Structure formats: C-alpha cells, structure tokens
Amino acid sequence: MQTMSGAAATRLALGAQGFTDARPTGRPTRHHLKRVLSRVRLLQLDSVNVAVRAHYMPVLSRLGPYDRALLDDAAWSDSAARPRLLVEDWAHEASLVPVADWPLLGWRREAYRQRYGHHREALEERWPGLADEVLDAVKRLGPISAGALERELTGASSGSRGGWWNRSDTKRMCEYLFGVGALTTGTRRSFERRYDLPERVLPPSSFAGTPPDRAEAARALVLRSAGALGVATEPDLRDYYRLPPSASKPAVAELVDAGLLETVEVRGWDRPAYRLPEVSVPRRVVGRALLCPFDPLIWRRERAERLFGFRYRIEIYVPENRRVHGYYVFPFLLDGALVARVDLKADRAAGVLRVPGAFLEEGRPVARTAAELAGALREMAEWLELDGVVVGGRGDLADPLARALAVPAGA
C-alpha cells in the first residue's frame with residue numbers, strides 16, 4: 001500500500017477537480033466547458049438563488065467569467081451542430097449529468113419506483129388514471145410545465161374537478177414520473193422545469209442494449225467518483241453519486257482486485273483511501289476561486305474538513321440569530337487552501353453584490369487574502385452584471401476587504 005501526506009492528498013483532490021488546469025486566456029468556449037464537465041462529472045441543481053443558482057458557480061470557479069448560455073445550451077437545448085451534453089437526473093442530489101451517464105442511473109430510478117410507488121397509488125386514488133393523462137399530455141404538448149399541464153388536464157387553473165381535487169397532484173405526479181424516468185426535463189424557462197419524454201430528449205444510444213445492472217453501474221460510478229475526487233475513502237466515493245453501501249463496498253473491492261483502483265494510506269486519515277492508478281500528484285496549486293455551498297470540492301463537509309482543516313456548515317435553515325457566518329456562505333480558495341469565507345447576496349434591485357459578512361481563517365495573511373478576495377468578488381459581480389461590491393460589517397475580514405475594494409482594480 002502506498003502512503004501519501006495529507007498535503008499531497010489535498011493537491012491531488014484539487015487537481016482532480018480542475019483547479020490546476022489553466023484558465024482560458026480568452027472567452028471560454030464549449031470546449032472549455034467540456035473540460036470542466038470531464039473533471040467534476042456532475043453539477044448539483046438547487047433552487048436557492050440568493051447569489052447565483054448552484055449549477056452555474058462551479059464552472060465560474062474553474063474557468064473564470066463565462067457566458068452562462070454555454071451551460072444552458074449544454075443542458076437544455078439540442079441541435080445537430082451542438083448536441084445536448086447534459087441531462088437532469090437524481091445523482092448526488094438533483095443534478096445535471098452527462099447524457100452518456102443516464103443509463104448508469106437506471107438502478108436509482110427503479111429504487112425510486114420501489115420506494116415511492118405508494119405515492120403514485122395515493123395520487124391515483126384521488127385522480128384515477130392521472131399518470132397516463134400526464135404522459136399523454138406531455139407526449140402531445142411537451143416540453144411543458146406542471147402548471148400548463150394542470151390547465152390542460154382540468155380545463156382551468158384551479159378547482160374545476162371538484163373540492164376533492166388537490167391542485168398540486170399534477171406536479172406531484174410529474175415529479176414521481178421524473179424520478180422513475182418516465183419523464184425528464186426537456187428544457188427550462190426562468191428555471192421552471194418543462195417536462196418531456198426521455199426518448200425525445202436523449203439520443204437513441206441511451207436506450208440501446210441491455211441496461212447495466214446495479215453492480216455494473218456501481219463499478220462505473222465509483223470509477224467516475226474516483227476520477228473526480230482524486231483520492232477518497234469508500235464513504236467519499238459512495239457519496240458522490242449517493243450510492244448505498246451495499247452497492248459501493250463490493251464495487252470498490254472488485255475494482256481494487258481488478259487493478260482499476262489502488263489502495264493508499266493518507267497520513268492523518270483514519271481509514272484507507274483509494275485512487276486511480278498512475279495519477280500524478282500536482283507539485284503545487286495556485287490561483288483563487290469562490291466556491292458555492294454545493295461545489296463538488298466541498299459538498300461532503302467531513303471530507304472538506306479532512307482535506308483543508310476547514311469546518312463548514314450551510315446555515316440556510318438555521319435561525320438568523322443562531323447563524324455563525326451567514327445565510328449563504330462561500331468558502332474562498334487561494335493557492336490550494338481555504339483561507340476565508342464570505343456571506344453573499346446578489347442585490348439585483350440595487351445592482352450590487354452584497355457581502356454581509358467576511359471571515360478570515362485562523363493564521364491566514366490578512367492583506368493578501370483581502371486583496372485576492374476583492375479581486376474574486378469584483379469578477380463575480382461583473383459576471384452577474386452587477387455594478388459593484390458592498391461589504392457589510394460582520395466578520396474580522398470585513399474592514400480589510402472593504403479597504404481592498406476601495407483600491408481601484410489594477411492599482
């Protein structure tokens with residue numbers, strides 16, 4: 001068994017996530033987006049839009065300012081010249097995954113059917129034949145929103161089926177059918193999902209041949225996890241696609257036996273780790289990036305603490321008077337270390353990126369951290385088409401950051 005230091009493991013993880021790749025010197029293109037997707041493998045979706053929707057931010061963190069239409073086109077449009085690259089499915093959580101990976105998640109769709117089949121039964125007790133009505137309507141009209149489906153199926157926007165009818169039943173059935181793979185997302189408008197049939201969204205190759213069984217899919221997904229994580233424990237590998245232990249543990253063992261994974265000991269870690277063979281450890285990591293709470297580098301909080309000594313908890317659901325750092329906090333990565341964290345809010349009415357709180361990690365240099373963070377915030381504000389950055393008074397880095405932002409860019 002090979003042994004590596006904790007610092008080497010951190011550099012390997014950062015390299016795997018694309019933080020040692022050079023940023024484009026010009027405007028990022030679809031080619032650059034494909035490179036990021038080959039690294040991270042999936043992008044988590046989330047409805048919170050306090051600063052920017054979660055799936056856009058990891059691409060900014062790795063490429064710098066890019067046209068968000070690049071990602072929208074990759075996920076929600078399709079043409080002969082620019083085929084769809086991504087499709088929505090349950091992966092880590094609700095996620096965008098490569099189109100080629102959709103068959104590997106069939107076991108999850110079947111598990112969803114087994115776990116939530118009673119929801120369909122309850123809905124159809126209230127509305128017999130609802131699933132078939134939804135599928136028929138989507139076939140005729142899709143891509144279509146749940147609200148438009150309700151109007152189509154009821155002839156009105158509310159209540160015409162009688163007092164027993166629950167207006168949310170159509171949406172609930174759509175979500176069930178999405179979970180089992182009978183529907184998918186054809187496109188989105190203002191982030192509202194428009195449902196369509198998978199066979200109209202995905203290429204024929206997605207349905208060709210015998211679907212992989214759970215064991216085969218688990219091995220393939222663990223290998224993808226290993227590539228995206230660089231070096232990882234079995235629970236880390238399992239978490240990336242939210243595999244059950246009953247699938248991930250035998251998959252890891254079989255991949256090790258086959259020589260497709262190798263076991264390593266990371267000094268300071270309390271269990272074995274795994275990596276792809278012959279992947280080199282970067283000598284150093286330079287550069288800066290703001291990380292949203294759902295970035296793949298940090299979404300497993302225990303792993304972030306192990307890699308960076310950085311204890312991070314999202315506080316969206318914590319009462320305001322009990323929050324330590326703020327509502328929607330972005331860690332700040334600088335030269336391979338998490339050196340600060342900032343609470344961010346895009347105030348679109350005022351045209352500014354607000355920083356209610358800014359906090360320095362213990363032992364990190366104040367002046368350089370403030371200057372680099374100021375640059376990253378200016379970059380993010382411009383990318384969001386905001387006019388500037390306004391710093392609030394919370395946190396020990398707030399005043400130095402405000403002073404750094406007062407210095408003209410490039411001065």
Side-chain angles (χ1 to χ4, degrees), residues 13-14 16-19 33 36-66 68 70-72 74-76 85-98 101 105 108 185 188 191 193 221 224-225 227-230 232 235-243 288-308 310-318 323-333 338 340-346 353 355 357 376-377 380 383-384:
L14 287 163
Q17 282 284 308
F19 288 104
L33 175 63
V36 171
L37 297 175
S38 73
R39 294 290 200 182
V40 301
R41 302 301 311 183
L42 59 88
L43 298 169
Q44 185 174 338
L45 295 163
D46 192 82
S47 60
V48 175
N49 195 26
V50 175
V52 62
R53 295 206 184 273
H55 59 288
Y56 291 119
M57 193 66 201
V59 182
L60 176 75
S61 302
R62 290 154 179 81
L63 289 184
Y66 71 102
R68 277 170 283 170
L70 269 181
L71 184 51
D72 292 341
W76 297 302
L85 300 178
L86 298 164
V87 65
E88 292 186 34
D89 210 338
W90 287 100
H92 180 76
E93 292 285 345
S95 303
L96 291 167
V97 301
D101 287 355
L105 296 166
R108 171 162 284 165
T185 304
R188 284 184 181 261
F191 203 63
R193 179 180 283 156
L221 293 172
R224 284 160 172 73
S225 300
L229 293 171
D236 296 336
L237 295 170
R238 177 199 317 165
D239 177 74
Y240 212 77
Y241 289 94
R242 296 290 166 86
L243 293 165
R288 68 191 185 202
L290 285 160
L291 306 175
C292 80
F294 303 106
D295 191 288
L297 181 67
I298 57 168
W299 64 26
R300 180 162 162 78
R301 311 308 187 202
E302 183 272 340
R303 174 176 164 85
E305 191 164 357
R306 193 179 342 119
L307 285 171
F308 299 103
F310 186 87
R311 190 177 189 279
Y312 178 52
R313 301 293 184 271
I314 192 166
E315 297 181 282
I316 289 175
Y317 304 110
V318 176
R323 290 179 195 142
V324 176
H325 296 108
Y327 182 80
Y328 203 61
V329 174
F330 285 54
F332 181 51
L333 178 71
L338 295 178
R341 61 188 89 197
V342 284
D343 188 17
L344 295 184
K345 175 181 173 61
L353 181 62
V355 187
L377 290 168
M380 182 176 175
W383 176 65
L384 292 173

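Bear in mind the structure is a predicted one, so any value in this text is a computation, not a measurement.
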How close do [X] and [Y] get, heavy atom to heavy atom, and via which atoms?
| X | Y | value |
| --- | --- | --- |
| Arg323 | Val318 | NE-O, 2.9 Å |
| Phe294 | Ala54 | CD1-CB, 3.7 Å |
| Ser38 | Arg41 | O-CD, 3.7 Å |
| Tyr240 | Ser225 | CB-OG, 3.3 Å |
| Asp89 | Val97 | CB-CG2, 4.4 Å |
| Leu307 | Ala13 | CD1-CB, 3.9 Å |

List for me each residue that meets salt bridge (charged side-chain N to carboxylate O under 4.0 Å, His left out) alongside [X], sequence neighbours excluded, and say none if there are none.
| X | value |
| --- | --- |
| Arg108 | none |
| Arg39 | Asp21 |
| Asp295 | Arg62 |
| Asp236 | Arg300, Arg303, Arg306 |

State, with a plain yes or no, whether a side-chain heavy atom of [X] is found less than 4.5 Å away from one of [Y].
| X | Y | value |
| --- | --- | --- |
| Glu93 | Leu42 | no |
| Leu333 | Leu14 | yes |
| Leu377 | Leu290 | yes |

Could you work out, with side chain to side chain donor-acceptor pair (under 3.5 Å) as the rule, every residue matching [X], not counting sequence neighbours?
| X | value |
| --- | --- |
| Trp76 | Glu88 |
| Tyr328 | none |
| Asp72 | Tyr56 |
| Tyr241 | none |

Query - Pair Leu297-Phe308, side chain to side chain contact (heavy atoms under 4.5 Å, CB included): steps then yes or no - result: CA-CA 11 Å; Leu297 181 67; Phe308 299 103; 4.0 Å; yes
Query raised in the report: Step by step, would you call Ile298 with Leu338 a side chain to side chain contact (heavy atoms under 4.5 Å, CB included)?
Result: CA-CA 10 Å; Ile298 57 168; Leu338 295 178; 4.3 Å; yes
Query - Any residue meeting side-chain contact (heavy atoms from CB on, under 4.5 Å) with Ala75, in chain and number order, not counting sequence neighbours - result: Leu86, Leu96
Report summary line: Across all chains, not counting sequence neighbours, the side-chain contact (heavy atoms from CB on, under 4.5 Å) partners of Arg311 are Glu305, Arg313
Hey, could you give me the [atom1]/[atom2] distance between [X] and [Y], rounded to the nearest 0.5 Å?
| X | Y | atom1 | atom2 | answer |
| --- | --- | --- | --- | --- |
| Leu105 | Ser95 | CG | OG | 9.0 Å |
| Phe332 | Leu291 | CZ | CG | 9.5 Å |
| Leu60 | Leu71 | CG | CG | 11.5 Å |
| His325 | Phe330 | NE2 | CZ | 15.5 Å |
| Trp299 | Tyr312 | CH2 | OH | 13.5 Å |
| Lys345 | Leu353 | NZ | CG | 10.5 Å |

Report task. Assess whether atom CH2 of Trp90 is packed by more than 12 heavy atoms of other residues, nucleotides or ligands within 6.0 Å. Result ->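 No - once you tally the heavy atoms of other residues, nucleotides and ligands closer than 6.0 Å, there are 12 at most.
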Please report, to 0.1 Å, the donor-acceptor pairs under 3.5 Å made by any side chain of residues 43-51, with sequence neighbours excluded.
residue	atom	partner	partner atom	Å
Asp46	OD2	Val48	N	2.9
Asn49	OD1	Arg53	N	3.4

Report task. Not counting sequence neighbours, which residues clear ring-ring contact (aromatic ring centres under 6.0 Å, His included) with Tyr317? List them please. Result -> none
Query raised in the report: Do any N or O atoms from the side chain of His92 and from the backbone of Asp239 form a donor-acceptor pair under 3.5 angstrom?
Result: yes
